[in-house]
Engineer: 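My structure is below; once you've seen it, I'll send some questions.
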Protein chains: 2
Amino acid sequence: MEDLHLSFTEENYLKSLIHLTVLSLAKIEVGTNELAVNLNVKPATVNDMLKKLKEKKLINYERYGKISLTEIGRLAGMEVLRKHRLWETFLVEKLDFSWDEVHEVAEQLEHIHSRKLIDRLDSLLDFPKFDPHGDPIPNAKGEIEILTRKTLNEIEIGEKCRLVAVKDNSSAFLQYVNKLGLTIGSEIEIASKEIYDELLHLIIDDQTFTVSKKFAENLFVV
Amino acid sequence: MEDLHLSFTEENYLKSLIHLTVLSLAKIEVGTNELAVNLNVKPATVNDMLKKLKEKKLINYERYGKISLTEIGRLAGMEVLRKHRLWETFLVEKLDFSWDEVHEVAEQLEHIHSRKLIDRLDSLLDFPKFDPHGDPIPNAKGEIEILTRKTLNEIEIGEKCRLVAVKDNSSAFLQYVNKLGLTIGSEIEIASKEIYDELLHLIIDDQTFTVSKKFAENLFVV
DNA sequence: TAATAAAGTTAGATAAGCCTAACTTTAAAT
DNA sequence: ATTTAAAGTTAGGCTTATCTAACTTTATTA
């Protein structure tokens, strides 16, 4: 399971597939075009790579068919995800990065090949269960705790909830979240909603804020 | 000086040039073949890359001429070296790697692009001056403390000296060094030398060891 | 169900890094 | 100083990962 030497690019394909299948519950297959959009390359490029990944037994795929990860592919992809999230945690916990600065650097660090490195990092961080964005970190066996989470726009008027994670990890979005004084764990109450333009009025720490539906869809709450 | 986007490969060329020119005192130019040997590629490959590096103003080079780093190239190469040595220090100090395990991983980590990351790492490690092999770490301005060091085989019989660094960073060599109980700072006395086969008899912690000239040439002492 | 749209595939190009084989220039040695 | 050896270069190919443009298959919808 170790020692199958994957390129930077191959690892990115597996990571995308993890996101599109394993992590987006209730879907275990994905199409060429959707994967192309996710990886920001053209479908023709994906098509070529699918043949290679199938050859290496990392994915299940037939001509004109849907794509899914094999067990080997799932484990390899999970390891990349584990590395990404552990590095993000390291950057925030040990190097005082803010949560909106870590994604790009972790995109690079996740491709460092060293089992020992990642296991020691896990230990240094005291085996964290969640990364700075509230996402669960897969363990060394590739197991992940997938919790059912609602997005903020699914919460009813008058209800209170707690921010547990963010969907969008871009610095633009996260800085916007910061501006509202929100952090993982913050309590949010839905004051009211506008029918016409779908805006939400929130109460956070006794202050009122108005946000868009798009914004609310990117916050996971319980 | 920041933001010139260099590839993994280009960075390795600059790092090699730093080693072959700046660090190996009294030589500021190098040839295509020598660089090829150092990078473990063929001279023809180096020749192609020289054109690219010259185009990017990282090296001084004319057809059939010698190669040297420009100021831009020197700074970029120094930054790679700085990253390599800081990461090695991190692995030993924070993740309990032994000094013979760090080189390969640092070869990967040195190519992570993030000025903030490396400066924060420097700070986390308390601005170390030397890496685990006793080599000086360039500062954020690309300045390095080049000290005049002798190798163990240059020491006269009866003299005592102290191990300050190792030349060879391979795990095979470093494990051999470990086996003799030597660490950076160890005191070594030259008991005697064999004329015939150039062996050295050493006294380390009241114990006698016999080592080859090749071995002694890879230990820096003062 | 036949036409059309969407999804997926193929063929042919390009750029980066690498190679081998043949060639040219410079340096060394008789 | 001429020959030979060493160093350096060029031309042409290969692989990986990407692209565009044209084509095929599957799905949708009128």
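What you are looking at is a predicted structure, and each value in this text was computed from that prediction instead of being measured. Every chain is numbered from 1 and lettered A, B, ... according to where its sequence line falls, protein lines coming before strand lines.
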Engineer: Using the salt bridge (Lys or Arg N to Asp or Glu O under 4.0 Å) criterion, which residues pair with Lys56(A)? Sequence neighbours excluded.
Structural biologist: Glu10(A)
Engineer: Which residues pass the salt bridge (Lys or Arg N to Asp or Glu O under 4.0 Å) test with Glu107(B), sequence neighbours left out?
Structural biologist: Lys15(B)
Engineer: Please report, rounded to the nearest Å, how far the C1' atom of dA7(D) is from the OH atom of Tyr61(B).
Structural biologist: 11 Å
Engineer: Please confirm whether the shortest side-chain N or O distance from Asn33(A) to OP1 or OP2 of dG8(C) is below 4.0 Å.
Structural biologist: yes
Engineer: Write down the distance between CG (Asn38(A)) and C1' (dA7(C)), rounded to a whole number of angstrom.
Structural biologist: 17 Å
Engineer: Could you check whether any side-chain heavy atom of Lys66(B) comes within less than 4.5 Å of a side-chain heavy atom of Glu34(B), counting everything from C-beta outward?
Structural biologist: no
Engineer: Any side-chain heavy atom of Leu14(A) within less than 4.5 Å of one from Val80(A)?
Structural biologist: no
Engineer: Shortest non-hydrogen contact from Met78(A) to Ile18(A)?
Structural biologist: N-CD1, 3.8 Å
Engineer: Could you list all the salt bridge (Lys or Arg N to Asp or Glu O under 4.0 Å) pairs where at least one residue sits in residues 144-156 of chain B, not counting sequence neighbours?
Structural biologist: Asp135(B)-Arg149(B)
Engineer: Can you check the Asn47(B) CG to dT10(D) P distance for me, whole Å?
Structural biologist: 6 Å
Engineer: Do His133(B) and His103(B) have ring centroids that are under 6.0 Å from one another?
Structural biologist: no
Engineer: Protein-nucleotides 24-26 of chain D N/O pairs closer than 3.5 Å?
Structural biologist:
| from | atom 1 | to | atom 2 | distance (Å) |
| --- | --- | --- | --- | --- |
| dT25(D) | O4' | Tyr64(A) | OH | 3.4 |

Engineer: Look at Lys66(A) and dA7(C) and indicate whether a side-chain polar atom (N or O) is within less than 4.0 Å of OP1 or OP2.
Structural biologist: no
Engineer: Pick out which of Leu35(A), Val46(A), Asn12(A), Thr9(A) makes a side-chain contact (heavy atoms from CB on, under 4.5 Å) with Val41(A).
Structural biologist: Val46(A)
Engineer: Going by the side chain to side chain donor-acceptor pair (under 3.5 Å) test, which pairs reach into residues 119-128 of chain B, not counting sequence neighbours?
Structural biologist: Arg82(B)-Asp119(B), Arg82(B)-Asp122(B)
Engineer: Roughly how many Å is it from NZ in Lys54(A) to P in dT9(C), rounded to a whole number?
Structural biologist: 11 Å
Engineer: Indicate for each nucleotide in nucleotides 14-23 of chain C, in 5' to 3' sequence, whether protein heavy atoms under 4.0 Å reach the base (B), only the sugar-phosphate (S), or nothing (-).
Structural biologist: --SSBBB---
Engineer: Using atom CD of Glu62(B) as one end and atom C1' of dT25(C) as the other, report the distance to the nearest whole Å.
Structural biologist: 15 Å
Engineer: In this structure, how many angstroms lie between the C1' atom of dT16(D) and the CD atom of Glu11(A), rounded?
Structural biologist: 15 Å
